[in-house]
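Single-structure report; data block below.
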Amino acid sequence: MTDDWVNDSIAERRAAEALIVDVDGFEGPLDLLLMLSRTQKVDLRRISVLQLAEQYLVFVEKARELRIELAADYLVMAAWLAYLKSRLLLPPDPGEDGPSGEELAAHLAFQLERLQAMREAAARLMGRDQKGRDFFVRGDPQPLAVSRKTVYDASLLDLMRAYARLRTRDEFRPYAFDRTDIYPLEAALERLSRMVPGAADWTSLQAYLPEGWRGAPARKRSAVASTFAATLELAKQGQIELRQSDTFAPLHLRRRAGQ
Amino acid sequence: MTHPLADSQNKSLFPAPPMAEQERMIEAILFASAAPLTQAEIAARLPHGCDAAEALAHLHRRYVGRGVNLVRVGDAYALRTAPDLAYLMQSERVELRKLSRAAIETLAIIAYHQPVTRAEIEEIRGVALSRGTIDQLLELEWIRLGRRRMTPGRPVTFVVTTEFLDHFGLESARDLPGLRELREAGLLDSRPMPGRAGVDEDGDDAPETGQSELFED
Amino acid sequence: MTHPLADSQNKSLFPAPPMAEQERMIEAILFASAAPLTQAEIAARLPHGCDAAEALAHLHRRYVGRGVNLVRVGDAYALRTAPDLAYLMQSERVELRKLSRAAIETLAIIAYHQPVTRAEIEEIRGVALSRGTIDQLLELEWIRLGRRRMTPGRPVTFVVTTEFLDHFGLESARDLPGLRELREAGLLDSRPMPGRAGVDEDGDDAPETGQSELFED
């Protein structure tokens with residue numbers, strides 16, 4: 001007795017485990033129905049939906065006996081199949097609205113056939129030649145080299161505005177100590193140093209005054225003073241020679257020989 | 001004066017290159033690219049006045065039966081090695097990601113029923129679609145979002161991509177294996193459950209509009 | 001007996017593929033390869049009995065004058081796009097950008113005062129001229145070097161170019177509106193301060209300041 005009980009229990013447990021595995025392996029109630037339909041060994045178009053509904057209900061009943069928790073959608077499907085079964089078995093009630101049992105059965109058969117068809121289509125798709133497995137792309141592609149070219153744009157209006165801005169700027173600028181008439185010594189020294197190599201002959205200091213500093217007396221004075229100071233500095237450094245024929249006579253300078 | 005920009009701007013000044021030259025230009029352009037290029041993309045890189053369509057036809061003929069073939073992928077073109085030589089390519093073979101059964105089935109449903117909503121995919125498979133499945137297919141760039149369905153809730157739809165066609169060596173979604181037979185058997189129809197009693201149908205979303213018109217030819 | 005291993009062990013049992021087939025095999029292998037392959041590497045991937053050297057020679061001839069060529073790289077082989085088509089692999093993206101304030105002001109000064117020296121430009125603008133500004137305008141071909149000024153240091157001068165006139169739709173630089181016209185156009189809405197000569201005017205340098213007198217009002 002004990003042995004029997006043990007054996008029964010083991011068999012039961014095994015069956016239960018098998019069912020659990022199966023339930024895990026199914027992708028929903030429609031998938032389970034599709035598997036069950038295969039046991040009928042007929043074309044899906046000639047399937048007996050009534051028989052299928054019974055098979056499903058037996059499966060669910062078995063699971064219940066084995067205390068296997070089925071997901072809700074399996075139970076919903078079971079309820080719907082029980083309803084379908086009753087509609088198929090009972091003579092049609094003329095007073096009842098809604099689709100007939102045959103219509104519902106036909107739709108279930110359609111769903112199963114469609115799922116089956118999609119399974120087959122998926123298998124055929126995956127069986128096709130695949131990129132990277134059966135055919136290959138260029139192994140050493142040459143990316144399109146994108147070079148950026150900047151085009152600067154300016155309109156005539158931009159140009160005119162810029163010029164107008166320059167010509168009127170001084171009239172609007174905030175007050176500042178005006179040093180525009182001061183020619184700095186640093187500038188004169190820098191300018192003169194640059195020009196010395198070309199000064200092989202005696203040239204008047206006046207000629208070395210910068211552009212724009214020869215007109216207005218105040219500006220010219222500043223330029224003369226700074227340029228003169230610069231010549232003294234360069235003479236001291238031995239870069240140039242200075243010559244003056246008389247007091248207040250024009251000052252001449254030239255590059256020192258050998259420089 | 002040979003600046004490409006100048007070419008396209010001064011249409012009449014430069015005659016189009018001879019067809020043989022156009023063909024070799026396209027050959028070089030397609031050869032250099034791993035991804036398929038549309039005819040428009042190719043044309044944009046050719047000098048003005050070229051006939052990309054005709055040059056592509058010439059090039060296609062030239063590569064018939066060669067080790068490399070000119071294939072059409074959607075509205076694009078690419079050079080690909082001939083599939084019968086796959087066995088020589090061991091060193092180039094890339095390990096394809098193992099797809100779950102759900103992912104493969106979902107991909108097939110999208111390809112054959114596109115544009116298709118999530119609810120429709122779930123109805124066909126009879127089971128809820130996990131988030132990861134769609135994500136995986138999106139990540140592979142095999143599917144993308146299509147237009148929203150003009151039904152209540154305006155659900156998004158999914159369609160397959162050029163990358164999908166390229167990966168499976170398809171000229172277009174019309175060339176999916178067995179598409180015609182499936183359509184003729186009515187298996188691509190969207191048939192609502194009679195009397196609306198199904199477990200996984202969403203009444204609001206039951207589309208009467210067939211997706212299959214996309215594949216009418 | 002058809003096991004691939006059997007092929008290499010029983011050399012005589014399986015004839016080598018025809019030369020045309022060997023050629024297309026190499027074509028596919030070189031196409032898919034990420035790096036050039038030596039003849040030995042190619043031979044190792046071909047079925048037994050193939051003559052890689054001869055097939056390579058055939059393949060080389062096939063691609064002579066095509067958009068893609070079989071080239072030798074060291075002691076290896078690769079398919080490469082024809083060098084004369086390299087320009088197809090480049091695309092130029094044109095970006096439109098406004099000229100900087102320094103550049104447009106410098107350009108305006110050159111246009112209105114040409115020929116003008118760097119020192120004069122600096123004096124008018126009141127700030128030092130960066131090398132980049134002049135370079136940019138030279139590069140745009142809107143200015144060029146004029147004659148050297150016949151003064152100590154013989155500074156270079158700048159003038160505007162025909163390209164400049166084309167761009168701004170001018171017949172000549174003399175067509176640039178003068179100060180009065182600028183004022184009338186509302187671009188210059190203040191009158192010059194009375195008695196102010198302006199820092200850019202030179203009493204004793206008039207003949208050399210070129211066309212600035214043209215714009216006096």
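Protein chains get the first letters and strands the later ones, always in sequence-line order, with residue 1 at the start of each.
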I would like to know whether C/R125 and C/L129 meet side-chain contact (heavy atoms from CB on, under 4.5 Å); could you show each step before the answer?
-> CA-CA 9 Å; C/R125 291 196 61 232; C/L129 194 56; 4.2 Å; yes
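Of the listed residues (C/A103, C/P155, C/A108, C/S100), the one with the most heavy-atom contacts under 4.5 Å to chain A is C/A108. The residue among A/A199, A/A162, A/G198, A/P197 with the most heavy atom pairs within less than 4.5 Å of chain C is A/A162.
The aromatic rings of A/Y163 and C/Y112 lie parallel to each other, their planes meeting at an angle below 30°, with 60° marking the opposite boundary.
With respect to A/R165 and A/D158, no salt bridge is recorded, no charged nitrogen being found less than 4.0 Å from a carboxylate O. Under a 4.0 Å N-O distance rule, the pair A/E120/A/R124 does not qualify as a salt bridge.
Between C/H58 and C/Y63, the distance from one ring center to the other does not fall under 6.0 angstrom.
For C/A119, no part lies under 4.5 angstrom from a heavy atom of chain A. In this structure, chain C has heavy atoms under 4.5 Å from both the backbone and the side chain of A/R138. With a 4.5 Å cut-off on non-hydrogen atoms, C/L140 touches chain A through its side chain but not through its backbone.
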